[in-house]
Colleague: 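Please read through the structure below; I'll follow up with questions.
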There are 2 protein chains.
Amino acid sequence: MTSEKTAAKTAANGTESAAALPLRERKKLRTRQALIDTALELFDAHGFDGVTLDRLCEAVEVSKRTFFRTFTSKEDVAMAPTQDLWAAFLEVLESHPAEGRRLVTVLEESLAGAIGRMPADGWADRVLASRRLAARTPSMDAHGLAFCDRTTRAAVSAINRRFSLAPPAGPADPASSARPGTAELRTRLAVDMSVAAFHQALDGWVAQPSGHTREDLVRRLRTACAELPGALATTVGPHDRSGG
Amino acid sequence: MTSEKTAAKTAANGTESAAALPLRERKKLRTRQALIDTALELFDAHGFDGVTLDRLCEAVEVSKRTFFRTFTSKEDVAMAPTQDLWAAFLEVLESHPAEGRRLVTVLEESLAGAIGRMPADGWADRVLASRRLAARTPSMDAHGLAFCDRTTRAAVSAINRRFSLAPPAGPADPASSARPGTAELRTRLAVDMSVAAFHQALDGWVAQPSGHTREDLVRRLRTACAELPGALATTVGPHDRSGG
DNA sequence: TAGGCTTATGCCACTCAGTGGCAGAATCTT
DNA sequence: AAGATTCTGCCACTGAGTGGCATAAGCCTA
């Protein structure tokens, strides 16, 4: 139980809170970070498939068994930076002022807040390396999408729990138990929209040649979210009508 | 080249066009279908991880080497029904009346058209088995999401090519080469929205106890698409405001 | 219908991701 | 400082996925 809590904490906060942890936990986090950094380095140099786990473990001086106690798969270690962001997103979403505001706005703010929570030192570079690697490694991409999807579902249930847009368990209306309900459906769609906007923001951020700061990522996120209504209204013209 | 075309054709059309093919191709398709059916059967009975490829290949009386010439991975064979749908979607999208209509409407119609193209005999059951399996098999889910993502990107480029909402290669405007451009961004978001709606429709369709027809799936798709504007506008209330 | 040509298949050996078990070392507790 | 807990390393193993090569099956021409 204790390890769970501390793990979640350090995943979001990064380096600073590590000093207060017991030695055993600190060591674990140190090897974890060493594995992440070395993995991104090696993968970047020789490609994801060009590096075996034996090689990586040898470089970090850790047994393969230990690797699999820290990460669930080879893809997992390379996706750690992004996963930290998703974890932070869920945390922020839990405690965020929301009443009376649009759901997509709350999600946008939560995503922006999660980005702001990421460690200022090196996180941006790690995500950049991770995403560029994922772009040319199908299995990594798939792994990342799956994790994102799980986060999405968690976000939907968190929203429904906190804001009670849809009844959680025993509803008074018998019709809402038969089908998912309009509120539930709208929640899922709103979350998926926001996630889509975030993905476009991230893709653009990764594609740009320089200036990879958290602030710039947030800016791109806001731009993408602002385009959602326009995207829904865009019509197809005969030639090059960009819509409006 | 020839094999490519015929494979794409039969993937969308199903059984009937097979009679016109040369014997070699027919055999290949027969083993392919046998692998799919037997795989879904065995996976459903013993779970995805409970069936080794050796076992599957033995049941179909095919060498493991042949399996990997037909499918790219173990997950691939179980996802074939859904992948056929995505392939059909891209085909329909290529030749669809679109001028003057909303982009999301065109996408909705294309998805509905793709569903209508699926073979009436047994396809629904195969998708049902495939999706229910994916729901309890993380690696399958990841594989499916990755394929969906690739299809999404293909759809975006197809749209931009056909409707020239954004310049395809050499633009006259130098600014549009620097950044993705608003039209490109909107296209991606619109496609992601439609795909999200389709996923919700599919999830609901899979979850229902009976009545798994293609028509019902289309009906759910239209319902989900109709909720997109509502999802964007939904606000969070203090208690149980379902929005409106 | 027989010949050569093309292409799919089967078989074998191999790499590598991922797992379970166990002995020993490091850390925590009292 | 001793005992309990937990982490680590090592070993052997399963199973997915690949490359190479010989053979068989389908295809085309005469």
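In this text, all values refer to a predicted model and were calculated from it rather than measured experimentally.
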Colleague: Once you measure the plane-to-plane angle for A:Trp86 and A:Phe89, does it fall in the parallel (<30°), tilted (30-60°) or perpendicular (>60°) bin?
Modeller: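 Perpendicular.
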
Colleague: Which residues pass the side-chain hydrogen bond (donor to acceptor under 3.5 Å, both in side chains) test with A:Thr66, sequence neighbours left out?
Modeller: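 Result, side-chain hydrogen bond (donor to acceptor under 3.5 Å, both in side chains) vs A:Thr66: A:Ser63.
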
Colleague: From CZ of B:Arg30 over to C1' of D:dA25, roughly how many Å is that when rounded to an integer?
Modeller: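 Atom-to-atom, B:Arg30 to D:dA25, this comes out as 13 Å.
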
Colleague: Would you mind reading off the distance between A:Arg26 atom CZ and D:dT6 atom P, rounded to a whole angstrom?
Modeller: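 In whole Å, D:dT6 P lies 19 Å from A:Arg26 CZ.
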
Colleague: Can you name the atoms? Protein N/O to nucleotides 28-30 of chain D N/O, anything below 3.5 Å, with the distance.
Modeller:
none

Colleague: Between D:dA16 atom P and B:Leu35 atom CG, what is the distance in whole Å?
Modeller: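 Distance check: B:Leu35 CG to D:dA16 P gives 14 Å.
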
Colleague: Can you list everything that forms a side-chain hydrogen bond (donor to acceptor under 3.5 Å, both in side chains) with A:Thr82? Sequence neighbours excluded, please.
Modeller: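 Counting only residues at least two positions away or on another chain, A:Thr82 forms no side-chain hydrogen bond (donor to acceptor under 3.5 Å, both in side chains).
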
Colleague: In this structure, how many angstroms lie between the C1' atom of D:dG26 and the CD atom of B:Glu25, rounded?
Modeller: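 Atom-to-atom, B:Glu25 to D:dG26, this comes out as 11 Å.
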
Colleague: Starting from P on C:dC16, measure out to CD on A:Glu58 and report it in whole angstrom.
Modeller: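 It works out to 13 Å between those atoms.
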
Colleague: Partners of B:Trp205 by ring pair (Phe, Tyr, Trp, His ring centres under 6.0 Å), sequence neighbours excluded?
Modeller: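 Counting only residues at least two positions away or on another chain, B:Trp205 forms a ring pair (Phe, Tyr, Trp, His ring centres under 6.0 Å) with B:His212.
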
Colleague: With a 4.0 Å limit, can you tell me whether B:Ser63 has a side-chain N or O closer than that to the phosphate oxygens OP1/OP2 of C:dT9?
Modeller: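 No, because none of the side-chain N or O atoms of B:Ser63 sits under 4.0 Å from OP1 or OP2 of C:dT9.
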
Colleague: I need the CZ-C1' distance between A:Phe43 and C:dC16, as an integer number of Å.
Modeller: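 From A:Phe43 CZ to C:dC16 C1': 13 Å.
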
Colleague: List the residues meeting side chain to side chain contact (heavy atoms under 4.5 Å, CB included) with B:Arg150, not counting sequence neighbours, and say none if there are none.
Modeller: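 For B:Arg150 the side chain to side chain contact (heavy atoms under 4.5 Å, CB included) partners, ignoring immediate neighbours, are B:Ala146, B:Phe147.
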
Colleague: List in numerical order all residues of residues 135-145 of chain A for which some heavy atom is under 4.0 Å away from an atom belonging to DNA chain D.
Modeller: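 Heavy-atom cutoff 4.0 Å gives no residues at all.
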
Colleague: Looking at residues at least two apart in the chain, or sitting in another chain, which of them share a ring pair (Phe, Tyr, Trp, His ring centres under 6.0 Å) with B:His46?
Modeller: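 Here no residue qualifies.
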
Colleague: What residues, two or more places apart in sequence or in another chain, satisfy side-chain hydrogen bond (donor to acceptor under 3.5 Å, both in side chains) together with A:Thr72?
Modeller: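 side-chain hydrogen bond (donor to acceptor under 3.5 Å, both in side chains) list for A:Thr72, sorted by chain: A:Asp76.
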
Colleague: Determine which pairs satisfy salt bridge (charged side-chain N to carboxylate O under 4.0 Å, His left out) with at least one residue from residues 192-217 of chain B, sequence neighbours left out, and list them in order.
Modeller: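 For residues 192-217 of chain B: A:Arg153-B:Asp203, B:Asp216-B:Arg219, B:Asp216-B:Arg220.
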
Colleague: Could you check how far NE2 of B:His46 sits from P of D:dG15, rounded to whole Å?
Modeller: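 Taking NE2 of B:His46 and P of D:dG15, I get 14 Å after rounding.
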
Colleague: Would you give a per-nucleotide map of nucleotides 17-27 of chain C, 5' to 3', where B means the base has a protein non-hydrogen atom under 4.0 Å away, S means only the sugar-phosphate does, and - means neither?
Modeller: SBBBB----SB

Colleague: Without decimals, in angstroms, what is the distance between B:Lys28 NZ and C:dT7 P?
Modeller: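 My rounded result for the distance is 10 Å.
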
Colleague: Start with the C-alpha gap between B:Phe198 and B:Leu107, add the side-chain angles, then the distance that decides, and say whether side-chain contact (heavy atoms from CB on, under 4.5 Å) holds.
Modeller: CA-CA 10 Å; B:Phe198 170 73; B:Leu107 292 165; over 6 Å; no

Colleague: For A:Glu109, which residues count as a side-chain hydrogen bond (donor to acceptor under 3.5 Å, both in side chains) partner, sequence neighbours excluded?
Modeller: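 Result, side-chain hydrogen bond (donor to acceptor under 3.5 Å, both in side chains) vs A:Glu109: A:Arg222.
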
Colleague: Just to verify, what does B:Glu94 make a salt bridge (Lys or Arg N to Asp or Glu O under 4.0 Å) with, not counting sequence neighbours?
Modeller: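 Per chain and number, B:Glu94 pairs via salt bridge (Lys or Arg N to Asp or Glu O under 4.0 Å) with B:Arg161.
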
